[in-house]
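Nothing here was measured: the structure is a model prediction, and the numbers come from that model. Throughout, residue positions are numbered sequentially from 1 according to the sequence presented.
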Amino acid sequence: MIGFGINVMDFGAKGDGITDDTAAIQSAINYASERGGGRILFPYTKGGYRLASPGIEEYNGRKVRAQLVIPPENDANIFLEGEMPCKMLYSYQVRPLSALEQGYDPTMFGTMSENNTRIFSDWEAPEVHDPSERPWAMIAAPEGDWCKGHFSTSQFSMANLEFRVHMNKDKMYPTQSAANLQNISRIWISDCQFCLNENVGDTLLEKELQENPCYTVGLMTSGDQNDDNVLRNVAVQGYKYGFVLGEHVVADYLYVHNCENAISFHDSSHLSVITHIVAQHNKRIVTTAPDGL
């Protein structure tokens, strides 16, 4: 039977957690863009898909700062999809010590889950301390010319994927964002998680996050004058900003853990509706973003 969609393994991705899959995943994204869009499938693997290549500063002369680039296209709708929905909240509600005290096996909660279809980075991005500068990210679209949001792409979708950013344990803060979608006008994200490659805050690591001088974001959605942004069952953990949202956001169940700012609005001139937020161990839950972010 002919499969439905584009499989990253057909472009050379291994998903063994060792091979650098950056170029293979980018090739699949480029192919989908050139054909006018399509669903890019990531089969589940125990090792996960490793991004080891450094991020690029520009794409065709436009600022992007990302390891994976969503090409600028007017009508293409690229959809990245993992094999099954992410298992959320797997290690962030119950710590191993408290689990032991309650009679549970602490290893049930103290280790990172291997059950999600995940893309992880072990590249340490340069530090960016200026909030007006563009952050480095695992995936982003380049700056464009449409509207105030400087859109380059009209649509992007994502489901059933976990993005893990590298964190240097000597610093105890990430220098890279997960997904920067500010230059995409319309987005749809379901059953996804944006976290760090360390289970920060539990008693196994015996360390906690430090205040981050880098303006990192778990998920940054569209800029001003965007179309609708639909988020359903999305989790973020460990960034200076968990979610950075604009206008026209329709969200159901956002989970944010261990961020300095859980949910920040860079623009809210039109209506947004969020029906359920779970926020744990954040310094601030709802804020407006500083000028220029």
(message) With side chain to side chain donor-acceptor pair (under 3.5 Å) as the criterion, how do Glu34 and Asn30 come out once you've worked through the C-alpha distance, each side chain's angles and the decisive distance to 0.1 Å?
(response) CA-CA 6 Å; Glu34 290 165 2; Asn30 292 345; 5.7 Å; no

(request) Name all residues meeting the side chain to side chain contact (heavy atoms under 4.5 Å, CB included) criterion together with Arg186; count only those two or more places apart in sequence or in a different chain, and write none if there are none. (result) Gln155, Asp227, Asp228

(request) Could you tell me whether the side chains of Arg39 and Asn77 share a donor-acceptor contact shorter than 3.5 Å? (result) no

(message) Ignoring hydrogens, what is the shortest heavy-atom contact between Asn212 and Cys214? Give both atom names and the distance.
(response) OD1-N, 2.8 Å

(message) Within the 3.5 Å criterion, strictly below it, is a donor on Gln67 or Ser121 matched to an acceptor on the partner's side chain?
(response) yes

(message) Just by distance, no angles: are the side chains of Tyr255 and Gln280 close enough, under 3.5 Å, to form a donor-acceptor pair?
(response) yes

(message) Under 4.0 Å between a side-chain nitrogen and a carboxylate oxygen: does that hold for Asp145 and Arg62?
(response) yes

(request) Identify the heavy atoms of Gly218 and Ala178 that sit nearest to each other, and give their distance. (result) O-CB, 3.1 Å

(message) I'd like to know if the side chain of Asn282 and the backbone of Ile285 have a donor-acceptor N/O pair within less than 3.5 Å.
(response) no

(message) Between Ser152 and Pro142 (side chain of the first, backbone of the second, donor and acceptor by atom type, cut-off under 3.5 Å), is there such a pair?
(response) yes

(request) Indicate yes or no for a side-chain donor-acceptor contact from Glu124 to the backbone of Asp122 under 3.5 Å, with no hydrogens or angles considered. (result) no

(message) Could you check, using the six-membered ring where one of them is a Trp, whether Tyr31 and Phe11 have ring centers closer than 6.0 angstrom?
(response) yes

(message) Between Ser53 and Asp20, is there a side-chain donor-acceptor contact under 3.5 Å, judged purely by atom types and distance?
(response) yes

(message) Ignoring hydrogens and geometry beyond distance, is a side-chain donor-acceptor pair present between Ser264 and Thr287 at under 3.5 Å?
(response) yes

(request) Go through the side-chain N and O atoms of Asn180 and Ser177 and say whether any donor and acceptor fall under 3.5 Å apart. (result) no

(request) Could you check Asp130 against Ser132 for side chain to side chain donor-acceptor pair (under 3.5 Å), going step by step and ending with a plain yes or no? (result) CA-CA 5 Å; Asp130 185 347; Ser132 66; 2.8 Å; yes

(message) Can you tell me if Lys171 has over 12 outside heavy atoms packed within less than 6.0 Å of its NZ?
(response) yes

(message) Using the side chain to side chain contact (heavy atoms under 4.5 Å, CB included) criterion, which residues pair with Ser272? Sequence neighbours excluded.
(response) Val249, Phe265

(message) By the definition side chain to side chain contact (heavy atoms under 4.5 Å, CB included), identify the one residue from Leu181, Val244, Leu254 that meets it with Leu219.
(response) Leu181

(request) Quick one: closest heavy-atom pair of Tyr239 and Pro174, and the distance? (result) CD2-CG, 4.2 Å

(message) Donor-acceptor pair, distance only, cut-off 3.5 Å: does the side chain of Glu143 make one with the backbone of Phe151?
(response) no

(request) Determine, for Lys46 against Glu114, whether the closest basic-nitrogen to carboxylate-oxygen distance falls under 4.0 angstrom. (result) no

(message) Quick check for you: to the nearest 0.5 Å, what is the distance between Met158 atom CE and Ile70 atom CD1?
(response) 6.5 Å

(message) Centroid separation under 6.0 Å, is that true for the rings of Phe120 and Phe163?
(response) no

(message) Please determine whether a side-chain nitrogen of the Lys or Arg among Arg65 and Glu58 lies less than 4.0 Å from a carboxylate oxygen of the Asp or Glu.
(response) no

(request) Would you confirm whether Arg134, through its side chain, and Val64, through its main-chain N or O, come within 3.5 Å as a donor-acceptor pair? (result) yes

